[in-house]
Amino acid sequence: MGTVVLVHGIGNLVRGASPEQAAELKAVAAADRLRKGLSAAGLSHVPLPELVMAYYAHQLTDDYRPERQSAGTGVLGDLTSAQEAEAWEWLETAGATRPQEGQAGMLSPLRWAVNRLVEQRAGDAPPAARQRLAELLSRLVVATLQDTDAYTSRPARRKAVRATVAQAVREHGARVVVAHSLGSVVAYETLHAHQDLDIDLLLTLGSPLGLPAIMRKLDPEPVAGRGARPPGVRHWVNIADVGDLVAVPRELGGAFPVDVHATTDIGVFDPHTLGGYLAAGLTAAALAPHFAD
């Protein structure tokens with residue numbers, strides 16, 4: 001039975017725990033969710049592989065607003081002017097429009113746009129539920145932009161994070177990498193930077209790789225608007241939830257050489273979490289053929 005390395009995304013800092021403890025906690029939680037995914041796919045008979053979390057959240061906190069990084073409590077007003085411009089680019093990619101004069105009322109224009117997206121996604125839900133979803137999506141926007149800047153803003157930090165992921169893959173002889181959210185950016189760059197890593201499957205979940213603000217910061221940089229396939233990756237599958245605000249544009253904008261794109265629905269009010277994706281039958285079905293040595 002082979003090992004699967006998981007690469008987490010935003011909002012995963014575990015305060016008060018060592019990196020090793022945090023990695024173990026995250027891996028145990030992921031295994032529980034993947035069991036549910038196997039059951040949902042009718043594959044309960046398939047034994048789980050060893051899951052290893054490549055935990056790097058602590059490496060983003062050394063000098064980049066550590067009181068906010070990955071805490072999941074940020075609000076849209078916390079964004080810098082550059083991040084706000086990226087947020088608008090992102091929301092418009094997701095289908096939002098800017099409010100006309102007076103249309104936003106007492107809300108900030110960004111919050112108004114998020115609310116419109118929530119109405120499109122969950123317009124039939126009770127008002128309180130829509131409000132909770134709008135708050136969740138707002139936090140996702142803030143955390144994604146802040147954590148991405150934390151990762152890309154310093155070359156030494158970026159190199160260290162990629163080394164952490166490469167070490168997890170190399171030490172465990174893993175042939176499968178599952179990368180969620182910002183982790184898909186980290187995994188993509190890691191597999192380019194460490195070309196000795198030979199992977200049978202790269203599975204990206206809820207990936208923002210196709211967002212223009214992310215593509216502009218990638219290393220290696222896309223050429224003519226297209227990203228290159230990491231040389232050691234044999235097969236690449238990308239799965240996005242139908243309402244995942246982070247996973248836009250769909251199918252990574254057609255800008256990456258993915259072998260299979262698939263869409264799932266992990267729930268209106270759980271549109272982006274790694275646990276939600278792992279508990280989906282579609283994710284489990286994509287992984288199961290690679291569990292055996």
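Below, each value reflects all heavy atoms present in this structure, side chains not excepted, and no hydrogens, waters or symmetry copies. Counting begins at 1 with the first residue of the sequence.
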Query - Donor-acceptor pair, side chain of Arg157 and main chain of Tyr151, under 3.5 angstrom - result: no

Report summary line: d(Gln83 CD, Thr144 OG1) to nearest 0.5 Å is 11.0 Å

**Report entry** Verdict with supporting geometry, His8 and Lys26, side-chain contact (heavy atoms from CB on, under 4.5 Å)
**Finding:** CA-CA 9 Å; His8 66 74; Lys26 296 288 184 182; 5.8 Å; no

Report task. For residues Arg111 and Ser138, determine if any side-chain heavy atom of one lies less than 4.5 Å from a side-chain heavy atom of the other. Result -> yes

**Report entry** Interatomic spacing from CD1 in Ile239 to CG in Leu282 - rounded to 0.5 Å
**Finding:** 4.0 Å

Query - side-chain contact (heavy atoms from CB on, under 4.5 Å) between Val142 and Val75, worked out - result: CA-CA 6 Å; Val142 174; Val75 296; 5.6 Å; no

Requested in this report: Find out whether Val4 and Leu201 are in side-chain contact, i.e. whether some heavy atom of one side chain is under 4.5 Å from a heavy atom of the other.
Outcome: no

Requested in this report: Compare all side-chain heavy atoms of Val177 with those of Leu203 and state whether any distance is below 4.5 angstrom.
Outcome: no

Query - Over 12 non-hydrogen atoms of neighbours within 6.0 angstrom of CD in Glu221 - result: no

**Report entry** Pro212 side chain near Trp90 side chain, heavy-atom distance below 4.5 Å
**Finding:** no

Requested in this report: Answer yes if the ring centres of Tyr188 and Phe256 are under 6.0 angstrom apart, and no otherwise.
Outcome: yes

Report summary line: dist Leu13:CG -> Leu60:CG (nearest 0.5 Å) comes out at 8.5 Å

Report summary line: By side chain to side chain contact (heavy atoms under 4.5 Å, CB included), Arg35 pairs with (sequence neighbours left out) Ala31, Asp32, Leu48

Query raised in the report: Using the ring of each side chain (for Trp, its six-membered ring), is His58 parallel, tilted or perpendicular to Tyr55, with breaks at 30° and 60°?
Result: parallel

Report task. Could you tell me whether Asp196 atom CG has more than 12 heavy atoms of other residues or ligands within 6.0 Å of it? Result -> yes

Requested in this report: Would you sort out whether Arg234 and Asp259 count as a salt bridge (charged side-chain N to carboxylate O under 4.0 Å, His left out), showing the intermediate values?
Outcome: CA-CA 9 Å; Arg234 286 194 172 88; Asp259 296 301; over 6 Å; no

Query raised in the report: So does Glu86 pair up with Lys217, basic N to acidic O under 4.0 Å?
Result: yes

Report summary line: CG of Leu197 to NE2 of His192, rounded to nearest 0.5 Å, is 12.0 Å

Query raised in the report: Does a donor on one side chain and an acceptor on the other come within less than 3.5 Å for Glu92 and Thr97?
Result: no

Report task. Without swapping roles, check the side chain of His290 against the backbone of Gly2 for a donor-acceptor pair under 3.5 Å. Result -> no

**Report entry** Donor-acceptor contact below 3.5 Å, side chain Arg229 vs main chain Val233
**Finding:** yes

Query raised in the report: Among side-chain atoms of Thr204 and Ser184, is any donor-acceptor pair under 3.5 angstrom?
Result: no

Query raised in the report: Closest approach of Asp147 and Gly11, non-hydrogen atoms and distance?
Result: OD2-N, 3.5 Å

**Report entry** Non-hydrogen atoms of Pro222 and Gly227 that approach each other most closely
**Finding:** CB-N, 4.0 Å

**Report entry** Heavy-atom donor-acceptor pair, Asn12 side chain to Ile10 backbone, under 3.5 Å
**Finding:** yes

Query raised in the report: Taking the side chain from Thr164 and the backbone from Ala160, do they hold a donor-acceptor pair closer than 3.5 Å?
Result: yes

Report task. Report yes if the side chains of Leu209 and Leu218 come closer than 4.5 Å at any heavy-atom pair, otherwise no. Result -> yes

Query raised in the report: How close do Ala284 and Ala41 get, heavy atom to heavy atom, and via which atoms?
Result: CB-CB, 4.4 Å

Requested in this report: May I ask you to test the Glu24-Gln21 pair for a side-chain heavy-atom distance under 4.5 Å?
Outcome: no

Query raised in the report: Yes or no on side-chain contact (heavy atoms from CB on, under 4.5 Å) for Val178 and Tyr277, after CA distance, side-chain angles and deciding distance?
Result: CA-CA 11 Å; Val178 178; Tyr277 275 106; over 6 Å; no

Requested in this report: Consider only side-chain N and O atoms of Glu251 and Asn238, and report whether a donor and an acceptor are under 3.5 Å apart.
Outcome: no

Query raised in the report: So how far is it from Arg250 CZ to Thr263 OG1, rounded to the nearest 0.5 Å?
Result: 5.5 Å

Query raised in the report: Which word best sums up how the rings of His272 and His180 line up, parallel for under 30°, tilted for 30 to 60°, or perpendicular for over 60°?
Result: tilted

Query raised in the report: Got Leu182 and Thr148 here, is their nearest side-chain heavy-atom distance under 4.5 Å?
Result: yes

**Report entry** Worked verdict on Val5 versus Val176 for side-chain contact (heavy atoms from CB on, under 4.5 Å)
**Finding:** CA-CA 6 Å; Val5 166; Val176 176; over 6 Å; no

Requested in this report: Please confirm whether the backbone N or O of Gly183 pairs with a side-chain atom of Ser181, one donor and one acceptor, at under 3.5 Å?
Outcome: no

Requested in this report: Using a strict 4.0 Å threshold on nitrogen-to-oxygen distance, state whether Glu189 and Lys159 make a salt bridge.
Outcome: no

**Report entry** Cluster link Val260 to Leu43, ILVMFWY, side chain under 4.5 Å
**Finding:** yes

Report task. Any chance you could measure Leu245, atom CG, to Leu91, atom CG, to the nearest 0.5 Å? Result -> 6.0 Å

Query - Set of salt bridge (Lys or Arg N to Asp or Glu O under 4.0 Å) partners for Asp219, sequence neighbours left out - result: Arg162

Report summary line: Tightest non-hydrogen contact, residues Ile266 and Thr273, listed as CD1-O, 4.2 Å

Query raised in the report: Quick one: does Phe291's side chain get under 4.5 Å of Thr3's, heavy atoms only?
Result: no

Report summary line: Residues Ala94 and Leu117: closest non-hydrogen pair is O-CD2, 3.8 Å

Query raised in the report: Do you know the tightest heavy-atom contact between Met215 and Ala255?
Result: CE-CB, 3.8 Å

Query raised in the report: Is any NZ, NE, NH1 or NH2 atom of the basic residue among Glu135 and Arg132 found under 4.0 Å from an Asp or Glu carboxylate oxygen of the other?
Result: no

Query raised in the report: Where the side chain of Glu171 meets the backbone of Ala168, is there a donor-acceptor pair that is under 3.5 Å apart?
Result: no

